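Report on the following structure.
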Amino acid sequence: MLQSKDLVGLIETSREEIVEILDTAANMKKLLKQGIKKLPHLQGKTVTILFYENSTRTRTSFELAAKYLGATTINISADSSSVKKGETLIDTGKTLDAMQNDFIVMRHPMAGAPHFLSRHVKAGVVNGGDGMNEHPTQALLDMCTMREHFGHIEGLKVAILGDIKHSRVAKSNLVGLRKLGAEVRMYAPETLIPKEIDKMGAKLCSSREEAVEGADVVMGLRIQLERQQAGAFPSLNEYAEFYGVNERILSLAAKNSVVMHPGPVNRGVELTSSVIDGSNSLIDDQVLSGVAVRMAILFLLTQRANKIG
Amino acid sequence: MIIKNGNVVLKDSVVKADILVKDGRIARIGENLLGQDEKVLDASGKYVFPGLIDMHVHLREPGFEYKEDIESGSKAAVKGGFTQVCCMPNTSPVMDNKVVVSYVKTRAKEVNLCKVHPIGAITKGEKGETLADIGEMKKAGAVAISDDGRDVKSSRLMRLAMEYASGFDMKCLCHCEDLELVDGGSVNEGYNSTLTGLKGIPRAAEDVMIARNILIAQSLNVPVHICHVSTYSGVQIIRDAKRGGAMVTAETCPHYYAVNDDIITSFDQNTKVNPPIREERDRLAILEGLKDGTIDCIVTDHAPHHVNDKSVEYSLAAFGISGIETSFAFAVTYLYKTGVLTLNEIADKMSYSPARILNLEGGEIKEGGVADLMIADLDEEYEIDSKTFLSRGKNTPFNGYRVSGKVLFTIVDGEIKYQA
């Protein structure tokens, strides 16, 4: 059983809880593949999807997950500028509590916002991405995908390339994969590697080749143009030349290696089109895993709430 | 008044003695003193310190009375054992002219608890564009200048400010911070910023401005004071400058010598302070700097905030710790009991040195000196609880910390202003 009413990050989630979520997600995924999209587990529950940042895929994925489980869903989009001006986060949370809302799925541009909110509301808070901190459901869906493909996570060599510094996806993957015994290699421009991330268990590499050689999973991260504008690297061309993954680099990976990306992809920058569309790309499967993992989390949190009463 | 049988913390020794106070002065220090019809304070087993002096506090009045005002701040100060405080000018309006300086002086006199010395702004509105009325502020009672809360971005203007102010014997107290390097960060850049995803502030943001401000002062051959040093590298820069003969003095705060940035990983907004709490290596270097004299004094940077300013997302929360009521206990617990500093050294860092740096009367227990005194029990242990603070700012990350060192009496000009 999950220990907390919330899922704010994989740092706060134990290895056993991660395994329980992945096991449950695998079952959900089987049902989804059979076309079963009407389950009763969240009937009578309300899920509010509170996003202070733009998102299409994460929001849609959470909403479908909640709906497939029979929950009532509400979408609240707050412009990120309203974070500073409008109602405080605590007041928003308390209002939702008063309306008997059961879950808040939150995306917020500032690290720690879901942790903060979770301490002040009765509802369960699920982190849909908080600033540069964590994106736990994305990492769980990545692990779900890897586990289904390889049958295990332990011992896998996972290479993550791209804007590690600003990527909550990379960080949550690092935390989760290390808890399950995978090796996590990272490579990025020096300006896009967070300080001392090696202390969190990452193996920092000094070239693309070193990162990818013998890897089972090659994961690219979206590079945002605004990072280039902020001076973290000179140009997208230079980025692609020194840090992008093309077929030649990918050929260094293990025989049955797979390619993953949290999306949306900049084709020709972090990954070439041939890599994205190659036969070993799991990018579409990641999307399906996303719905399954989010169903699993909402299901397990509800199960916990029902038990504790 | 006679303070009987206390352990009196003198400049270089601690002696068991009585102190006879007359007309606001220390008339005599000696054994078995007798007075006529004097009020007697029994200080047996207790320690008598020179009244503490905090040369860096924010009293928030005028303009931010919902956070603190001169009355609540003064009550908190005397409870903390402070007989004199110097208040920073980032009020509203900014204390950049004689009117605001006079207002603060007047309010403090009406409150009549501790002595309050205003610090005027360096630039008008702390905007970093033109010089504030430094001479007029001095005449009205300001004891130094600072744009605390921000640095003077323009090196040219900073140089002019130091040069001009030196003509009035006014020191620049430099808040050292390169805002471009801060770049919106809220915690120290390092392992814990990576762990939490909170944006980091590199040490260089502080260090480059410490170095710049020292170099400018040195080139003008004027003294300069560096505020709230938090980095190991900053300590090194100051140490080297002192060895090279620069007239530089420096301060640090309890939260930099007592804890490291592991405490931010809870996302507790009360751990957010500027400069940020840094790593263990910084903390150790600050202890070393306090020991070897690189860091001259301890201030609180008392920064009271309303709970509403802190009960928001960490990145949006106000910077600052309400520290004036815990500073002495921290010194006893983290400096004295651990053997880092002697009681004489603590009295030096928290009273004598600030008085010398700003030319204030006091800072020392001596016959003929002003009777600004503080009596404390060094062994009484208790838990910090911000609910008991007299300051309006309850923003401390140290609730529940067990400390020893309790202020029992605070005496200003021979009058008891606080009694536990």
Side-chain angles (χ1 to χ4, degrees), chain A residues 8-12 52 80-94 106 108-120 127 129-136 164-172 174-175 186 193-202 204 230-232, chain B residues 178-205 231-233 260-273 276-282 305-319 395 397 399:
Chain A
V8 292
L10 293 191
I11 289 174
E12 291 80 4
Y52 290 91
S80 56
S81 67
S82 71
V83 173
K84 286 184 187 173
K85 288 173 190 158
E87 188 176 45
T88 67
L89 189 55
I90 291 185
D91 288 345
T92 303
K94 289 196 167 151
M106 183 164 100
H108 195 287
M110 294 168 194
H115 308 64
F116 169 56
L117 181 66
S118 69
R119 286 197 289 264
H120 291 93
N127 184 0
D130 63 322
M132 297 187 289
N133 186 32
E134 283 220 51
H135 193 349
I164 312 274
K165 183 169 179 180
H166 300 94
S167 174
R168 51 200 177 205
V169 175
K171 190 172 140 195
S172 284
L174 170 62
V175 173
M186 291 182 158
I193 296 173
K195 300 290 174 222
E196 301 186 45
I197 194 155
D198 49 323
K199 275 202 202 159
M200 291 182 70
L204 291 176
Chain B
D178 182 324
L179 281 178
E180 283 203 19
L181 285 173
V182 171
D183 196 22
S186 49
V187 297
N188 179 63
E189 182 185 78
Y191 176 68
N192 284 324
S193 63
T194 296
L195 190 65
T196 55
L198 292 168
K199 196 163 163 55
I201 301 174
R203 293 183 180 86
T231 65
Y232 76 88
S233 30
N260 63 40
D261 70 343
D262 286 347
I263 71 170
I264 66 125
T265 58
S266 63
F267 291 107
D268 173 7
Q269 295 90 336
N270 287 327
T271 63
K272 186 175 171 184
V273 62
I277 295 170
R278 310 247 184 213
E279 297 180 335
E280 186 63 6
R281 73 179 295 191
D282 301 281
H305 285 295
H306 192 274
V307 64
N308 290 351
D309 301 325
K310 286 286 194 180
S311 276
V312 290
E313 293 85 334
Y314 197 97
S315 319
L316 296 179
F319 285 100
N395 50 306
N399 269 324

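Every value quoted in this text rests on a predicted model; they were computed, and no experiment measured them. Below, all heavy atoms of this structure are taken into account, side chains as well, without hydrogens, waters or symmetry copies. Here is the naming used below: chain letters follow the sequence lines, and residue numbers restart at 1 for every chain.
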* What part of A/Lys171 lies closer than 4.5 angstrom to a heavy atom of chain B: side chain, backbone, both or neither? -> side chain
* Check ion pair A/Asp130-A/Arg168 (N to O, under 4.0 angstrom) -> no
* B/Phe319 backbone acceptor or donor facing B/His305 side chain under 3.5 Å -> yes
* Structure fact -> Looking only at B/Leu195, B/Leu198, B/Asn308, most heavy-atom pairs under 4.5 Å shared with chain A are made by B/Leu195
* Asked: Is the B/Phe267 ring parallel, tilted or perpendicular to the B/Tyr314 ring (thresholds 30°, 60°)?
  -> perpendicular
* Taking B/Gln269 for its side chain and B/Val312 for its backbone only, find out whether a donor-acceptor pair lies under 3.5 Å. => yes
* Asked: With a 4.5 angstrom heavy-atom cut-off, which part of B/Ser193 approaches chain A: side chain, backbone, both or neither?
  -> neither
* Structure fact -> Applying a strict 4.5 Å limit to non-hydrogen atoms, the region of B/Ser186 in contact with chain A is neither
* Asked: In terms of heavy-atom proximity below 4.5 Å to chain B, should A/Ile90 be classed as side chain, backbone, both, or neither?
  -> side chain
* Is the number of heavy atoms from other residues, nucleotides or ligands under 6.0 Å of B/Lys310 NZ greater than 12? -> yes
